[in-house]
Amino acid sequence: MSGGGTETPVGCEAAQGGGSGGKKKDSQGFTGSPAHLIIKDLGEIHSRLLDHRPVIQGETRYFVKEFEEKRGLREMRVLENLKNMIRETNEHTLPTCRATMQDSLNQVLQRLQAAADSVRRLQQREQERKKIHNDLLIASEKQHVTQWEDFMKEQHSEQAEVDEEHRKAMEKLREQYAEMEKGLARFSAF
């Protein structure tokens, strides 16, 4: 049944009763009519058999109430645990961590400062060493250039001496060969 047939009696009841006017008619004596009683009984039967809204609403209210109570207790326990953890963290863990971190950071800053100073000193030493090394290299290079120039001058003078000796030796050899030719020419004339 879709409820269409049952709406007619309710409609009839509404047509007969007319809403708030039905109470007046009931007080005037229409309540005792058999049709009215049958319609009223049919409405009650319909509401008990076919209309489950009040039962479902009651069950829904009960379920929601139980769910909220159980959930509320569980959430209260969770929130209480969280509150305790936060309090413990704020009162004990956070100050301890802050103090440890402060001490550690101070030590780290001191070590970093010492390391930075050491690096700065090492850089200065390295720059001084490089400067001394570069100065030595420049002086050594100048000395080598001077030595090379002296060597080249010496080579030129020795080359001139060797050339002169060679020229004299060649002159001597020419004279010697010229005399030998004259001596050969004397012997060949005989």
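No hydrogens, no waters, no symmetry mates; every other heavy atom, side chains included, goes into these values. Counting from 1, the numbers follow the sequence of the chain as shown.
In summary, Lys168 and Glu171 do not engage in a salt bridge, as defined by a charged side-chain N under 4.0 Å from a carboxylate O. A salt bridge does not link Glu179 to Lys182: none of the charged nitrogens lies less than 4.0 Å from a carboxylate oxygen. Checked for salt-bridge contact, Lys131 and Glu128 miss the test: no charged N lies under 4.0 Å from a carboxylate O.
Side chains of Arg87 and Asn90: no donor on one and acceptor on the other come within 3.5 Å.
Residues Val119 and Leu112 do not share a hydrophobic cluster, defined by chaining ILVMFWY side chains whose heavy atoms lie under 4.5 Å apart.
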Criterion side-chain contact (heavy atoms from CB on, under 4.5 Å) on Asp117 and Arg121, from CA distance to verdict
CA-CA 6 Å; Asp117 292 341; Arg121 284 193 304 269; 3.8 Å; yes
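You'll find the side chain of Glu80 stays beyond 4.5 Å of the side chain of Arg77, heavy atoms only. No side-chain heavy atom of Glu154 sits under 4.5 Å from any side-chain heavy atom of Asp150.
When each of Gln143, His144, Lys142 is paired with Ser140, the side-chain hydrogen bond (donor to acceptor under 3.5 Å, both in side chains) condition holds for His144 and for no other.
Counting heavy atoms of neighbouring residues, nucleotides and ligands inside a 6.0 Å radius, atom CD of Glu141 does not exceed 12 of them.
Going from atom CD of Gln124 over to atom CD of Gln127 covers 7.0 Å, rounded to the nearest 0.5 Å. We find the CZ-CZ distance between Arg120 and Arg125 to be 13.0 Å, quoted to the nearest 0.5 Å. Here Arg61 contributes atom CZ and Ile56 contributes atom CD1; the two are 12.0 Å apart, rounded to the nearest 0.5 Å. Here CG of Leu82 is found 10.0 Å from OG1 of Thr89. Values are rounded to the nearest 0.5 Å. One distance of note links CG of Asp163 with NE2 of His156; it measures 11.5 Å at 0.5 Å rounding.
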